[in-house]
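Chain letters run A, B, ... following the sequence lines, proteins first, then strands; residues in each count from 1.
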There are 2 protein chains.
Amino acid sequence: MDIRTLCLGILSLGDTTGYDIKKMVAEGAFSFFSEASYGSIYPALTKLTDEGLIDCRTETQESRPDKKIYSLTQAGRKALEASLTHAPKPDRNRSEFLAALLFAEAVSPERIEDLIAERIDHHHAQIGMLETLLAKESGKAARFVLQYGIVMQEAAKRFLEENRTDLGA
Amino acid sequence: MDIRTLCLGILSLGDTTGYDIKKMVAEGAFSFFSEASYGSIYPALTKLTDEGLIDCRTETQESRPDKKIYSLTQAGRKALEASLTHAPKPDRNRSEFLAALLFAEAVSPERIEDLIAERIDHHHAQIGMLETLLAKESGKAARFVLQYGIVMQEAAKRFLEENRTDLGA
DNA sequence: GAACACATGTAAGAAGTTACATGATTAT
DNA sequence: ATAATCATGTAACTTCTTACATGTGTTC
């Protein structure tokens, strides 16, 4: 999902600032399935404002840059709706892990066990993070997304634990 | 995984051409977890040749551009090994689907059922494709990767089938 | 006094995609 | 005849990240 749509989507859930959008994608319920840097968020918000898809009101602060609080306009809501209406392009299964595994067989087979062990730890950590997020989250769709994430990570972890020996020998 | 490493990795499995690398990532066992276009593959091969990580021999053909067959050099093998040795950066769970689902709740809830139905179909199709690939594949690591893929797709599909009603009402 | 949180923004560069350009051969 | 397969390559563009720039207040 491009940053523009991501910003529109987050604003559909409530008014907020660029700084807080970054926090949501870095730590919040969004961090599981999206990412974005300031360098993409701020310009996106500026552009969306110019196009009339979002509004910006400024909250003056002392000894800090003024806070810019954005909110979705009617046009923005329409635009978001439109981009959700035509089917999202299929998710890619790009995986550094699987690629590394496949190539390690030919070039450094002794690395395979490590790779799998690291990956199991990674899934374990992700499950922990998702459960923490789930405990804090009350939105229906957000909980669904986090549960989906947990199920996926657990399935992956289980598969690796059950089949790790197949590639060792 | 960047295109450079992907090319080195594929060449670690055997000599081949840019054209065939593209076919592998578009249709072969690699298509599940990677992607690349000619516009990135050809320049990458040229650059890797300049750097001495791969060799190029030309096979003359009539009525076709000459075929350029690349092979990994010792230096290339070292470089690939090195990039597999430091832990791959964690896979991202970027998902158009999950993002769309989350935002649809706020902006067009009537779309949620469609989204889930489409996604179930998508998983179904992916499982079919993976099983076809698996039937043709004999490499140990490649089979492992494809089985991993099947397990993931099935887990996702099952989750959606079992929980689809949670978001309808 | 060092590091982090708050808060915005820009410029340079990485990495890739898309679309084009070329052109013969083979299958439908 | 029309499309697909074979085979290479380039140029323009998109999209995003990284690193910088700025500055205060708070916590360790």
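Atoms NZ (A/K89) and P (C/dG16) sit 15 Å apart, rounded to a whole Å. One can place CG of B/D66 at 15 Å from P of C/dG23, the figure rounded to the nearest angstrom. Atom P of nucleotide D/dA21 and atom OH of A/Y42 are separated by 18 Å, given to the nearest angstrom. Taking atom CD1 of residue A/I41 and atom P of nucleotide D/dT18, one finds them 13 Å apart after rounding to whole Å. The interatomic distance linking B/D20 (CG) with D/dC6 (C1') rounds to 9 Å, in whole Å. The nearest whole Å value for the distance from the CD atom in A/Q61 to the C1' atom in C/dA5 is 13 Å. Between the OH atom of B/Y38 and the C1' atom of C/dT17 there is a distance of 14 Å, rounded to whole Å. Protein atom CD of A/E59 is 15 Å distant from nucleotide atom P of C/dC6, rounded to whole Å.
In this structure, A/I41 and A/Y19 have side chains that are not in contact, with every pair of non-hydrogen atoms separated by 4.5 Å or more.
Mapped onto DNA chain D by nearest heavy atom, A/D2 and B/G39 fall at different nucleotides, with B/G39 at the one closer to the 5' end.
Not one side-chain nitrogen or oxygen of A/K22 sits closer than 4.0 Å to the OP1 or OP2 atom of C/dA7. OP1 and OP2 of C/dG16 both lie 4.0 Å or more from every side-chain N or O belonging to B/S40. The side chain of B/K23 places no N or O atom within less than 4.0 Å of a non-bridging phosphate oxygen (OP1 or OP2) of D/dA7. Between B/Y19 and D/dC6 there is a side-chain N or O to OP1 or OP2 distance below 4.0 Å.
At a threshold of 4.0 angstrom between heavy atoms, the contacts of B/T46 with the nucleic acid are absent.
In the set D/dG9, D/dG23, D/dT8, the nucleotide with an atom closest to the side chain of A/R64 is D/dG23. Relative to the side chain of A/E35, the nucleotides D/dT17, D/dT5, C/dA5 differ in distance, and D/dT17 lies closest. For B/K67, counting side-chain heavy atoms from C-beta on, the closest listed nucleotide (C/dT8, D/dT8, C/dT18) is D/dT8. Here the nucleotide nearest the side chain of A/P43, chosen from C/dT10, C/dT8, D/dA7, is C/dT10. Which of D/dC16, C/dC6, D/dG9 sits closest to the side chain of B/Y70 comes down to D/dG9. Of the candidates D/dT24, D/dT18, D/dG9, D/dT24 carries the atom nearest the A/S63 side chain, counting heavy atoms from C-beta on.
In this structure, CZ on A/R119 lies 12.0 Å from CZ on A/F159, to the nearest 0.5 angstrom. Atom CZ of B/R94 sits about 4.5 Å away from atom CD of A/E35, to the nearest 0.5 Å.
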Verdict with reasoning, B/R158 to B/E162, per salt bridge (charged side-chain N to carboxylate O under 4.0 Å, His left out): CA-CA 6 Å; B/R158 199 173 323 114; B/E162 285 168 10; 5.1 Å; no

I would like to know whether A/L13 and A/F30 meet side chain to side chain contact (heavy atoms under 4.5 Å, CB included); could you show each step before the answer? CA-CA 12 Å; A/L13 307 177; A/F30 298 93; 3.6 Å; yes

